[in-house]
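Heads up, the thing below is written out as structure tokens.
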Protein chains: 2
Amino acid sequence: MSNKTSPWSKDWYKEHDPIYIATDCIIFGFDEGILKLLVFKRRVEPQKGAYSLIGSFVKLNESVTDAAKRVLEEITGLKNVFMEELRTYNEVMRDPGYRCISIGQYALIRISDYDNELVEKHGAIWYPFNELPELVLDHDIMVKDALTRLRRKARYQPIGFELLPEKFTIPQLQNLYEAIYQKQMDSRNFRKKVLSFGVLIKLNEKDKLSSKKGAFLYKFDYDKYQQLVASGINFEV
Amino acid sequence: MSNKTSPWSKDWYKEHDPIYIATDCIIFGFDEGILKLLVFKRRVEPQKGAYSLIGSFVKLNESVTDAAKRVLEEITGLKNVFMEELRTYNEVMRDPGYRCISIGQYALIRISDYDNELVEKHGAIWYPFNELPELVLDHDIMVKDALTRLRRKARYQPIGFELLPEKFTIPQLQNLYEAIYQKQMDSRNFRKKVLSFGVLIKLNEKDKLSSKKGAFLYKFDYDKYQQLVASGINFEV
DNA sequence: ATTAATTAACGTAAAAAATACATTTATTAT
DNA sequence: ATAATAAATGTATTTTTTACGTTAATTAAT
């Protein structure tokens, strides 16, 4: 640190340049068997009609997470989304208006929990991940980075927790993993593997929406999951 | 994003609060078989004598990485250190002076490449990782986070590249991994595993410093390493 | 010149994990 | 009663990981 002036004095700060800080949200959802992303369609100029991520400036008296939660609640009506920091986007010229650093944050959510009318009323759209339009600024890069992170995260955390409804079937869970990794998996091996973690509780109910036989519903054993994460388990499938 | 004013116009920015942005560097080194961290001992009040990480404010016309490189070169004389972003530390009250977000960045370096006199002249010290003093602000947390990240990183990248001298022996590489993971490994299995990656080139020279028999020196095959990283290999040992 | 000391180098067998692969089962609609 | 549909299940093979003891090369001391 510079030591021309005493750190932690007002004067010391005045020697430096404050910068605008924004946060952009990369929100993954899973619905109807496909991975989706929450995007925002601009309704005013400039760039009217262009798509972007949902974002906001960070205020002096709020943390970055709080800023993201604020804008997300505004647009989707959902509170308590667990946001995780991705990385900063801090290139000097990334924003044509003014020097602005954006902190990317991502989350996985259950689309079914949302108030979809509210989402659409605010101009936000759940877009199938495979058909995403081009996004403004460096938002495409943010999305690419988030997918990479999501794949890595899935290796040490059972992400189904966050993306699936409370009760889900094993074929649904497999769909999710296939969507994230973009590849087919063997259903026998998949089932064997996920059950071996011992964090799934089989319920006495079936979901009959996708087959005549119906598939048993499961839920996560949250306590057991916490123990396993603490022990450093690898949840890779 | 707020749409009271057109984004990317000067006025739009003026509605928001700029914030001070700093970067703090968590620099790991490996020397004499032990993992070390570069820390800075404050020579002026307040907190004279306290230890901190090396850091700097980010200027309007420099990227966060450039800011870190600038301060690192100043203190250690080393240019071109490859810094990687850890995460942001953005709690509203983390800094008692003023709202300031710090972006933690970490690097692994070869201590032998450094100008140690320069390091000490600037009041920096290579501290054995296991004997670290308490650090100011939230720097202790940054260090803890960086070690976690380093361990994770080691799973998909051969970090020896960055921490060891150009020529190194397999026992030295094992020491490094034992230091990072804080556990003993079996030398036969370790050797087998690291050689199986196919990124080590055996040289016709021995290092006789640590044994009478001497150990063969190796170097990394950088091209092959790049290929393997691209293919998503797991370098876990 | 011989011996003692020191760390490097090496291979194999057993256990565990990952993979490949096909049939039967429960249910609904006709 | 039958056809249609997706769910559920097991086993053999291959690959990976783990556990473990002996010999080899060199230097320093005698």
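A note on names: the letters A, B, ... follow the listed sequences, proteins ahead of strands, and every chain is numbered from 1.
Between the CG atom of L173(A) and the C1' atom of dA7(D) there is a distance of 15 Å, given to the nearest Å. Distance, K202(B) NZ to dA9(C) P: 7 Å, rounded to whole Å. Residue R191(B) contributes atom CZ, which lies 16 Å from atom P of dT12(C) at whole-angstrom precision. In this structure, Y218(B) places its OH atom 9 Å from C1' of dA9(C), rounding to the nearest Å. Between L209(A) atom CG and dA7(D) atom P the separation is 11 Å, expressed in whole Å. Between the CE atom of M185(A) and the C1' atom of dA18(C) there is a distance of 13 Å, rounded to whole Å. Here the P atom of nucleotide dA16(C) and the NZ atom of K193(A) are 16 Å apart, to the nearest Å. When rounded to the nearest whole Å, the span between CG of L195(B) and C1' of dA9(C) equals 11 Å.
A 6.0 Å sphere centred on CD of Q182(A) holds more than 12 heavy atoms belonging to other residues, nucleotides or ligands.
Here the shortest heavy-atom pairing between G198(B) and K224(B) reads O-CD, 3.2 Å. In this structure, G29(A) and W126(A) approach most closely via the heavy-atom pair N-CZ3, 3.6 Å. Scanning all heavy atoms of the two residues, the minimum distance from G55(B) to D24(B) falls at CA-OD1, 3.6 Å.
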| note | Protein heavy-atom contacts under 4.0 Å, written 5' to 3' over nucleotides 20-30 of chain C as B (base), S (sugar-phosphate only) or - (none), form the string BBB--BBBB--
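Aromatic ring orientation, F220(A) versus F168(A): tilted (interplanar angle from 30° to 60°). Between Y51(A) and Y127(A), the ring planes lie perpendicular to each other; the angle is over 60°, past the 30° to 60° tilted range.
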